[in-house]
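Working notes, beginning with the structure itself.
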Amino acid sequence: MNLLPIQIAALIRDALLAAQAAGDLPPFALPETIPVQRSNKPELADYACPVAMPLAKTAGLKPLDIAQAIARHVPPADFLESVTAAPPGFLNIRLSNRWVMHQIDTIIAAGENVFALDLGTGQKAQVECVSANPTGPITVGRTRGGVIGSTMANVLAALGYQVEMEYYFNNAGRQMQLLGHSLQARYRQELGLPAALPEEGYQGDYLISMAKDLVAKYDKALANEPWERFKQEAETAVFAWIERSLARIGIRFDHFFNENSVYENGKVWEVLKTLEDNGYAYRAVNREGATPDEIAKTPANAKEAIWFRSTRLGDKEDRVIVKASGEPTYVLPDIAYHMNKLDRGFSYLINVLGADHIVEAQSVARGLQAVGYDPKPVHVLLHQFVTLFEGGKQKRMSTRKGEYVTLDELVEDVGPDVVRYFILARSADAHLEFDLDLARQQANENPVYYIQNAHVRCAGIFRQTTERGLTDEGADLSLLGDREQAFVRKMLEMLEMLVQTHEEVAPHKLAFFAHDLARMFHPMYDEVRVLHGDVPEDVAKARLRLYRAAQIVFKRLLTLMGMSAPDVM
RNA sequence: GCCCUCAUAGCUCAGAGGAUAGAGCGUUGCCCUCCGGAGGCAGAGGCGCAGGUUCGAGUCCUGCUGAGGGCACCA
């Protein structure tokens with residue numbers, strides 16, 4: 001399938017040139033791009049093009065006159081019904097009804113891969129998301145990144161990319177050490193041995209149940225094991241839990257990348273060397289350009305750290321990359337990690353990150369530049385926070401204190417499809433207010449069911465027609481009416497929507513499109529019956545074929561969003 | 001204090017610099033001889049404030065106000 005706006009823009013460009021050649025328009029330079037957008041007046045046009053407006057000044061003509069001149073010279077095309085000028089200077093483009101109706105057959109022929117493109121064919125793409133360190137259950141906040149990321153991965157796959165989902169984690173930091181000590185304490189408590197949770201330790205009940213599991217498995221054998229052993233046990237158990245929880249809402253990873261591996265293979269130090277060679281690293285107690293205040297606060301015996309001269313690449317201050325202790329900060333391995341990604345041949349990368357990681361994202365981009373890599377393939381999708389409301393109050397969450405609502409709890413409350421849709425149905429830029437009470441009680445009246453019901457209703461029709469022996473073979477699609485045509489036109493927008501989702505890295509567009517389409521479906525379903533005494537058989541056949549296409553499209557949409565497409569609800 | 005994101009209907013949110021700003025929930029009033037009423041039809045309800053750029057601004061720029069986040073030799 002081809003993108004209509006691009007084809008239409010090409011036709012209008014041809015028309016402009018033809019009009020100039022014919023002397024209907026004076027010579028002037030053509031705009032670089034011809035804007036073609038979906039018309040907001042569907043009864044008038046399918047697409048609109050305002051190109052005449054900005055040309056008015058350079059051409060010295062009224063916008064409407066220009067539009068009319070263009071309209072006269074648009075070459076014919078099989079999908080085109082008409083191009084007309086409308087005040088103040090729009091070009092209204094109408095698709096041919098015949099062509100539109102024929103797309104029903106095209107959709108059916110494409111089947112479950114309908115609206116696939118080959119934009120990314122032969123290219124490897126990667127989506128990194130969630131990337132929570134294995135210190136506790138997956139929370140709703142991290143889930144947002146996972147839903148966004150997995151949906152983008154689905155869209156990229158539909159556009160032809162070969163896509164991998166990746167999870168980046170660190171199991172070596174102070175938090176993991178704390179986790180090990182916490183589990184050790186819980187284990188000893190289970191055995192009745194003296195033990196207290198470390199100060200600032202992990203207080204969640206899950207460590208108690210993990211401790212019970214350890215006792216069941218090893219009895220007292222681990223009593224004198226060091227904390228490292230418990231860290232390892234906790235990590236394994238937590239990861240298994242996280243993976244299981246995420247899989248419940250359709251988030252699966254192809255690869256887990258351990259930050260530690262860039263230490264093991266020495267890449268971290270290679271990055272440092274390259275930065276030094278390129279003049280991007282220096283040793284100092286304070287950063288270059290440190291304020292007098294910062295310097296005054298520095299202890300007299302402070303040791304030198306190594307700084308990344310990121311200000312040379314537009315940063316507002318340089319960043320520490322190796323602490324005075326000799327240990328790198330997260331920036332260095334992060335750069336090494338992204339070099340690794342690019343080295344693996346991914347030409348399109350998405351990093352889904354919480355809004356608090358913006359500085360990290362910028363440092364990585366600058367770091368890649370500083371080591372001579374092109375950061376352009378890396379697309380950062382920042383999402384705002386999720387706040388949970390329960391009983392009209394915001395729930396503050398802290399994994400360490402054991403205060404959180406887990407993904408598991410949420411899925412049990414409202415079901416996986418509701419979780420995915422609620423998260424997907426807002427742009428990543430917007431704070432997500434997840435009202436738990438509402439989500440729970442709304443289970444009967446929410447957009448998820450409205451959309452899925454469109455698929456259910458299609459399935460219902462086919463259950464009936466199969467029983468009665470009605471098929472859509474030999475359907476004459478010209479028997480379909482205006483309402484059906486409007487619906488098909490809306491379905492055809494899906495291709496553009498997918499491309500936009502990709503270009504703008506904005507997966508919420510799927511959620512809104514699906515709802516819009518459902519909103520056109522249900523009134524049509526109400527009016528355009530297949531099995532009714534008054535409907536002649538040839539009309540019924542045509543309608544049945546339309547609903548077959550509709551079912552395919554709804555299923556495709558739901559699948560891309562990672563939701564189920566039920567036949568009955 | 002500095003930086004980032006955001007501010008659109010009572011609430012939660014959409015909105016490629018283009019025509020009369022759209023949904024859901026809530027609310028008001030209607031509709032079941034008909035493929036699943038988890039439905040349909042109709043109504044009320046509006047871009048935080050002040051400037052600027054533009055033929056044209058909810059959209060871009062500046063300032064103000066308000067909300068969230070970031071400003072670690074944590075990740």
Side-chain angles (χ1 to χ4, degrees), chain A residues 5 35-41 44-45 48-50 53-54 56-57 63 86-90 92 131-133 168-170 172-175 259 285 287 302-307 316-317 319-331 333-334 354-360 362 382-385 387 422 425-435 438 442-453 456-465 467-468 470 496 500 503-504 508-509 511-512 515-516 519 522-523 525-527 529-535 540 543-544 547 568-569:
Chain A
V36 174
Q37 57 211 211
R38 207 76 204 185
S39 173
N40 55 2
K41 292 178 171 297
L44 275 181
C49 172
M53 249 87 80
K57 202 176 251 179
F90 287 100
N92 279 330
S131 295
N133 290 338
Y168 180 65
F169 71 99
N170 171 308
R174 205 181 108 248
Q175 291 304 318
E259 176 183 333
V285 171
R287 65 183 176 91
K303 287 194 212 155
E304 287 184 325
I306 303 178
W307 299 79
K316 61 172 183 168
E317 60 184 61
R319 312 279 166 181
V320 172
I321 44 176
V322 180
K323 305 180 214 171
S325 65
E327 202 187 339
T329 66
Y330 70 91
V331 180
D334 230 356
D356 53 334
H357 286 69
I358 175 124
V359 174
E360 175 177 344
Q362 290 167 345
L382 282 183
H383 65 82
Q384 296 296 318
F385 281 25
T387 45
F422 267 51
R426 43 225 50 173
S427 85
D429 282 340
H431 290 258
L432 173 51
E433 286 195 18
F434 208 117
D435 188 327
L438 197 68
Q442 233 190 2
N444 272 340
E445 274 188 345
N446 78 38
V448 175
Y449 299 99
Y450 188 73
I451 295 164
Q452 288 179 325
N453 193 30
V456 168
R457 285 178 143 180
C458 290
I461 293 171
F462 287 104
R463 270 195 304 277
Q464 295 281 328
T465 54
E467 269 179 36
R468 301 195 198 179
L470 180 71
E496 292 145 55
Q500 277 177 33
E503 283 173 353
E504 297 170 32
H508 70 279
K509 286 181 182 293
F512 284 93
H515 191 257
D516 285 348
R519 231 158 33 74
H522 289 298
Y525 174 88
D526 222 47
E527 190 179 283
R529 299 269 155 175
V530 176
L531 297 167
H532 190 264
D534 300 341
V535 181
R543 292 177 174 180
L544 190 58
Y547 285 114
V568 289
M569 289 198 297

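In what follows, every chain begins at residue 1, and chains take the letters A, B, ... in the order their sequences are listed. We use all heavy atoms of the structure for the numbers below, so side chains are in, but hydrogens, waters and symmetry mates are not.
Regarding A:Leu44, its CG atom lies at a distance of 18 Å from the P atom of B:G18, rounded to whole Å. If you measure from atom CZ of A:Arg529 to atom C1' of B:G37, you get 11 Å, rounded to the nearest angstrom. In this structure, A:His532 atom NE2 and B:C34 atom C1' are separated by 4 Å, rounded to whole Å. Rounded to an integer number of Å, the gap from A:Asn453 CG to B:G24 P is 15 Å. Between A:Asn40 atom CG and B:A23 atom P the separation is 13 Å, expressed in whole Å. With rounding to whole Å, A:Tyr450 atom OH is found 10 Å from B:A23 atom C1'. Counting to the nearest Å, the C1' atom of B:A21 and the NZ atom of A:Lys41 are 12 Å from each other. Rounded to an integer number of Å, the gap from CZ of A:Arg38 to P of B:G18 is 16 Å.
Take A:Phe462 and apply the ring pair (Phe, Tyr, Trp, His ring centres under 6.0 Å) test, not counting sequence neighbours, and it matches no residue. The salt bridge (Lys or Arg N to Asp or Glu O under 4.0 Å) check on A:Glu259 picks up nothing, with sequence neighbours excluded. Residues passing the salt bridge (Lys or Arg N to Asp or Glu O under 4.0 Å) test with A:Arg426: none are found, sequence neighbours excluded. The ring pair (Phe, Tyr, Trp, His ring centres under 6.0 Å) search around A:Tyr450 returns A:His515, A:His522, not counting sequence neighbours. Residues passing the side-chain hydrogen bond (donor to acceptor under 3.5 Å, both in side chains) test with A:Glu433: none are found, sequence neighbours excluded. Residues meeting the ring pair (Phe, Tyr, Trp, His ring centres under 6.0 Å) test with A:Phe90, sequence neighbours left out: none. By the salt bridge (Lys or Arg N to Asp or Glu O under 4.0 Å) test, A:Lys323 pairs with A:Glu327, sequence neighbours left out. Looking at residues two or more places apart in sequence or on another chain, you find no ring pair (Phe, Tyr, Trp, His ring centres under 6.0 Å) involving A:His357.
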*Would A:Asp334 and A:Tyr168 count as a side-chain contact (heavy atoms from CB on, under 4.5 Å) if you check the C-alpha gap in whole Å, the side-chain angles of each, and the deciding distance to 0.1 Å?*
CA-CA 10 Å; A:Asp334 230 356; A:Tyr168 180 65; 3.7 Å; yes

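Proximity note for A:Gln384 (side chain, C-beta onward) versus B:G18, B:A23, B:G68: the nearest is B:G68.
Positionally, the nearest nucleotide of RNA chain B for A:Pro50 lies more toward the 5' end than for the other of A:Pro50 and A:Arg468. Comparing A:Gln464 and A:Pro87 against RNA chain B, the residue whose closest nucleotide sits nearer the 5' end is A:Pro87.
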Write down the protein N/O and nucleotide N/O pairs, taken from nucleotides 52-55 of chain B, whose separation is under 3.5 Å; answer none if there are no such pairs.
unit_1: B:C55; atom_1: OP1; unit_2: A:Lys57; atom_2: NZ; d: 2.3

Every protein N/O lying under 3.5 Å from an N/O of nucleotides 11-15 of chain B:
unit_1: B:U12; atom_1: O2'; unit_2: A:Arg426; atom_2: NH1; d: 3.0
unit_1: B:C13; atom_1: OP1; unit_2: A:His431; atom_2: O; d: 2.7
unit_1: B:A14; atom_1: OP1; unit_2: A:Ser427; atom_2: N; d: 2.5
unit_1: B:A14; atom_1: OP1; unit_2: A:Ser427; atom_2: OG; d: 2.8
unit_1: B:G15; atom_1: OP1; unit_2: A:His508; atom_2: NE2; d: 2.9

N/O contacts under 3.5 Å, protein versus nucleotides 70-75 of chain B?
unit_1: B:C73; atom_1: O2; unit_2: A:Ala324; atom_2: N; d: 2.5
unit_1: B:C73; atom_1: N4; unit_2: A:Val285; atom_2: O; d: 2.9
unit_1: B:C74; atom_1: OP2; unit_2: A:Lys323; atom_2: NZ; d: 2.4
unit_1: B:A75; atom_1: OP2; unit_2: A:Tyr330; atom_2: N; d: 3.3
unit_1: B:A75; atom_1: O3'; unit_2: A:Asn170; atom_2: ND2; d: 3.2
unit_1: B:A75; atom_1: O3'; unit_2: A:Glu259; atom_2: OE1; d: 2.8
unit_1: B:A75; atom_1: N6; unit_2: A:Tyr330; atom_2: OH; d: 3.3

Short heteroatom pairs, N/O only, protein and nucleotides 41-43 of chain B, under 3.5 Å:
none

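Under 4.0 angstrom from either OP1 or OP2 of B:G37 there lies no side-chain N or O belonging to A:Tyr449.
Checked options A:Ile358, A:Asp429, A:Asp356; the residue passing with A:Leu382 is A:Ile358 (criterion: side-chain contact (heavy atoms from CB on, under 4.5 Å)).
Between the A:Asn133 side chain and the A:Asn170 main chain, a donor and an acceptor come within less than 3.5 Å of each other. With hydrogens and angles ignored, the 3.5 Å screen pairs no side-chain donor or acceptor of A:Asp516 with any backbone N or O of A:Arg519.
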